[in-house]
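Note that the coordinates shown come from a computational prediction; the quantities given were computed from them, not determined experimentally.
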Amino acid sequence: MRAVLLITIDCLRADHLSCYGYHRPTTPTIDEMAGRGVRWQRAYSTSSWTKPSVASMLTGLYPSEHGAFEGIKRSKNRPIVTTDAVRRCRPALAEHFTEAGWRCGAFINNAQLGEFTGLDRGFETYLPQAGKADHLIEAFRAWLSTDARKPAFAYLHLLEAHWPYKPRRRHMTMFGGDRDTNIFRNYSARDFGRLRRSISRGQASIPPYAFEQLIQMYDAAIRRLDGKIKNILTMLRDLHLEDEVAVFVTADHGEEF
């Protein structure tokens with residue numbers, strides 16, 4: 001084995017993957033992987049949001065043990081700060097790989113996973129703002145290609161299934177929707193945050209027709225991202241690593257509908 005690749009798709013619900021019985025063909029690439037690999041039927045996130053969940057995946061500890069479960073805090077007069085980080089109670093996954101002589105790289109698109117979390121421990125390359133999927137995958141490819149002599153562990157964190165959803169028109173059409181008329185087409189992350197808080201407080205609700213449009217956006221975003229997984233597998237094949245890399249695809253948590 002030349003490499004281990006752990007791909008996390010942010011906000012991906014298992015019950016919206018066609019290999020888990022979903023009625024829409026959202027994940028043909030992941031379905032194919034599941035068909036010729038191992039598909040876990042009971043895998044549970046340790047948290048409902050990114051930072052504590054990813055910290056659990058990379059340390060093997062529950063949030064109550066690793067201690068990283070508060071979000072970043074923003075201040076007008078100071079840069080982004082955080083109130084907690086992963087405790088140094090035991091070596092993280094990348095540290096184990098590094099001690100064994102492996103190269104370790106992390107390519108992430110999520111501001112909650114910056115170096116201030118302590119999750120960069122053991123990684124020779126840690127890019128918490130690697131950008132959208134295409135840029136992130138290209139950065140991973142460049143890193144993987146630099147030294148083929150040493151085995152490698154890579155962590156990829158993709159954000160495209162997270163709101164605000166930005167699917168392609170063709171993927172919306174595939175699922176019976178129209179991106180240009182969808183009521184959520186221009187929603188920003190701030191808009192979704194406001195909507196979520198209003199619903200939680202009982203101040204707003206989503207009528208059935210709007211809810212279906214929201215689900216179409218989410219499903220189409222998943223279908224778009226499934227194509228990025230295909231690009232990663234194609235890249236491994238082009239580098240003649242297809243049969244020498246153990247690829248794991250998972251999610252940090254689901255999405256609350």
CG of L144 to CZ of R141: how many Å apart, nearest 0.5 Å?
9.0 Å
Scan the side chains in residues 100-112 for donor-acceptor partners under 3.5 Å anywhere in the protein, sequence neighbours excluded, and list what turns up.
{"residue": "R103", "atom": "NH1", "partner": "W143", "partner atom": "O", "Å": "3.3"}
{"residue": "R103", "atom": "NH1", "partner": "D147", "partner atom": "O", "Å": "3.3"}
{"residue": "R103", "atom": "NH2", "partner": "W143", "partner atom": "O", "Å": "2.8"}
{"residue": "R103", "atom": "NH2", "partner": "T146", "partner atom": "OG1", "Å": "2.9"}
{"residue": "N109", "atom": "ND2", "partner": "G131", "partner atom": "O", "Å": "3.4"}
{"residue": "N110", "atom": "OD1", "partner": "Q112", "partner atom": "N", "Å": "2.8"}
{"residue": "N110", "atom": "ND2", "partner": "D10", "partner atom": "OD2", "Å": "2.9"}
{"residue": "Q112", "atom": "OE1", "partner": "I72", "partner atom": "N", "Å": "3.3"}

Tell me whether the NZ or CZ atom of R39 lies within the 45° cone about the ring axis of Y20 and under 6.0 Å from its centre.
yes
Cut-off 3.5 Å, no hydrogens considered: what does the side-chain donor-acceptor table look like for residues 171-178, sequence neighbours left out?
{"residue": "T173", "atom": "OG1", "partner": "R169", "partner atom": "O", "Å": "3.0"}
{"residue": "D178", "atom": "OD1", "partner": "D180", "partner atom": "N", "Å": "3.0"}
{"residue": "D178", "atom": "OD2", "partner": "T181", "partner atom": "OG1", "Å": "3.4"}

Enter the distance from S56:OG to F69:CZ here, rounded to the nearest 0.5 Å.
10.5 Å
What I'd like to find out is whether the side chain of T50 reaches to under 4.5 Å of the side chain of H157, using heavy atoms alone.
yes
May I ask you to say whether K228 pairs ionically with D134, meaning some side-chain N is under 4.0 Å from a carboxylate O?
yes
Around E115, counting heavy atoms of other residues, nucleotides and ligands shown, do more than 12 lie under 6.0 Å from its CD?
yes
Can you pull out every side-chain hydrogen bond (donor to acceptor under 3.5 Å, both in side chains) where at least one residue sits in residues 238-247? Sequence neighbours excluded, please.
R2-E244
More than 12 heavy atoms of other residues, nucleotides or ligands under 6.0 Å from NZ of K166: is that the case?
yes
With Y22 as partner, the option from T27, D15, D219 fulfilling side-chain hydrogen bond (donor to acceptor under 3.5 Å, both in side chains) is D219
Can you tell me how far CD of Q216 sits from CG of L214, rounded to the nearest 0.5 angstrom?
10.0 Å
Rounded to the nearest 0.5 Å, the NE2 atom of H66 sits from the CE atom of M57 at a distance of 10.0 Å
Mind checking the CG-CG spacing from L236 to L241? Nearest 0.5 Å is all I need.
6.0 Å
Pair S188, D191: side-chain N/O donor-acceptor within cut-off below 3.5 Å
yes
Going by the angle between their ring planes, with limits at 30° and 60°, are F184 and Y187 parallel, tilted or perpendicular?
perpendicular
Expected output: side-chain E160 to main-chain A133 donor-acceptor under 3.5 Å
yes
From R90 atom CZ to R88 atom CZ, the distance as rounded to the nearest 0.5 Å:
15.0 Å
Please tell me whether Y218 and F257 form a close aromatic pair, meaning their ring centres lie under 6.0 Å apart.
yes
Take a 6.0 Å sphere around CD of E256 and say whether it holds more than 12 heavy atoms from other residues, nucleotides or ligands.
no
Report the C-alpha separation of V86 and L61 in whole Å, then their side-chain angles, then the decisive distance to 0.1 Å, and conclude whether the side chain to side chain contact (heavy atoms under 4.5 Å, CB included) test is met.
CA-CA 10 Å; V86 175; L61 303 173; over 6 Å; no
Do the side-chain N and O atoms of D252 and T8 include a donor-acceptor pair separated by under 3.5 angstrom?
no
